[in-house]
Amino acid sequence: MTKLLIDCDPGIDDALALALAAGSPYLEVVGVTTVGGNVDLARTTANALALREFLDLGDVPVTPGAAGALLRKTVRAAHVHGSTGLGDAVLPPPTRPACEGHAVDFIVNTLRASPGEITLVATGPLTNIALAVRREPRIVEWARDFVIMGGSYTRGNHNPAAEFNMLADPEAASIVFDAGWTVKMLGLDVTLKALVTTEVLDRMRPLGRLADVLLVPAASAYGMVTAEGGPAIHDACAVAYALDPSLFTCVPAVVRVETAGLYTSGMTVTDFKLHDRPANALVATSLEAGRFWDVVLEAYGRLARRLG
Ligand code: RIB
Ligand code: CA
């Protein structure tokens, strides 16, 4: 069983990543923390609380964190995720509140209490993670692994240079990549291959309430679904890596995050030529898309049977 602490900004693909974590019998979510990102913190937290109940995640603590970036003005992606952050999906409102306290303290305290046992997964801007590293640098040793959806060694999505999660808080991303751990970087280079095509959506449709309330309305609102292509469920790749790294080919690299560029801030400058420097990242360069969807849809099927 792999224990996950997921820091996220739900967000359609964050929701689909949480569904994968909730459905897989090999993953145990021990905590969810939220950050302002796709939509504001109040909304990402409300979405996480609703997802906790809808996805049958039980008493998993949900703790809110940073509302915005360390230094930069706010960047949002409501044009992609909709004003609610979950596209056309309308979940039953949550009945239980978020935990008291701050995500940064939750992350530090949870990793401190179980050193070497918990994989930290980040699928939004890295503000909470950077603050946690600054508060307690030893979390880089306590985390069993650290996996992000973010960055790209080719080109961005929010602009030609930067992927959204990195662009939203470049200073935080720079702190995180320089913290001393090996960041497992699931960037756009592979996540843009995890596409909800017509065939994938057709495999989702029979999955009962999970499909009717979340999967289909969220995925359909996330982009044009066709036989050849569709919206990418970026964040599910990070959880899929934690579940089965063999789905991906990864290469060691030195990744530096641009923070000074007028047009390139947030760019993950990725050097695969280590030149005797220690790698600070393991960068995913390919995805076995067919097997990825088999794994994801199998977990969704298990969850759907629980939800009815
Ligand atoms: O660039 C994709 C990333 O930005 C995903 O995490 C998505 O949820 C958005 O936050
Ligand atoms: Ca996200």
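Counting convention: from 1, in listed order, for ligands and their atoms alike. Remember, predicted model here, so these are calculated numbers, not experimental data.
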Need the ligand 1 atom indices (1-based, order shown) with element for anything under 4.0 Å from a heavy-atom of [X].
X	answer
D9	10 (O)
N165	3 (C), 4 (O), 5 (C), 6 (O), 9 (C), 10 (O)
T123	6 (O)
M149	2 (C), 3 (C), 5 (C), 6 (O)
D235	5 (C), 6 (O), 7 (C), 8 (O)
H234	2 (C)
F164	1 (O), 4 (O), 9 (C), 10 (O)

Short N/O/S contact of D9 with the Ca ion (ligand 2) (below 3.0 Å) = yes
N/O/S from N38 sitting under 3.0 Å away from the Ca ion (ligand 2) | no
Considering only non-hydrogen protein atoms, determine which one is nearest to [atom] and report residue, atom name and distance to 0.1 Å.
atom	answer
atom 3 (C) of ligand 1	E163 OE2, 3.3 Å
atom 8 (O) of ligand 1	D13 OD1, 2.6 Å
atom 9 (C) of ligand 1	N38 OD1, 3.1 Å

With a 4.0 Å cut-off, would you call [X] and [Y] a salt bridge?
X	Y	answer
R52	D59	no
D145	K184	yes
D212	R205	no
D271	R256	no

Taking non-hydrogen atoms only, is [X] closer than 4.0 angstrom to ligand 1 via side chain, backbone, both or neither?
X	result
V80	neither
H158	neither
D14	side chain
I12	neither

Only one of D14, N38, D9 forms a side-chain hydrogen bond (donor to acceptor under 3.5 Å, both in side chains) with T123, so which one is it?
->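 Only match with T123 under side-chain hydrogen bond (donor to acceptor under 3.5 Å, both in side chains): D14.
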Close aromatic pair by centroid cut-off 6.0 Å: F164 and H234 | no
Determine the interplanar angle of the F272 and Y153 rings, folded into 0 to 90°, and report it as parallel if under 30°, tilted if 30 to 60°, perpendicular if over 60°.
->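 Answer is perpendicular, since the angle exceeds 60°.
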Has R134 got more than 12 heavy atoms of other residues, nucleotides or ligands less than 6.0 Å from its CZ?
-> no
R306 atom CZ: more than 12 heavy-atom contacts under 6.0 Å =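 Atom CZ in R306 is crowded, with more than 12 foreign heavy atoms closer than 6.0 Å.
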Work out the angle at the Ca ion (ligand 2) between O of T123 and OD2 of D14, rounded to 10°.
-> 80°
Atom name, D235 (N, O or S, nearest to the Ca ion (ligand 2)) |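 So the atom name we want here is OD2.
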Determine the minimum heavy-atom distance between T264 and A161, stating which atoms define it.
->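 T264 and A161 have their closest heavy atoms at CA-CB, 3.8 Å.
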What is the minimum heavy-atom distance between N165 and E163, and which atoms define it?
-> N-OE2, 2.8 Å
Can you check whether A260's main-chain N or O pairs, donor with acceptor, with E258's side chain at less than 3.5 Å?
->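 Judged by distance alone, yes, a pair lies under 3.5 Å.
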Purely on distance, is any nitrogen or oxygen of Y222 under 3.5 Å from one on ligand 1?
-> no
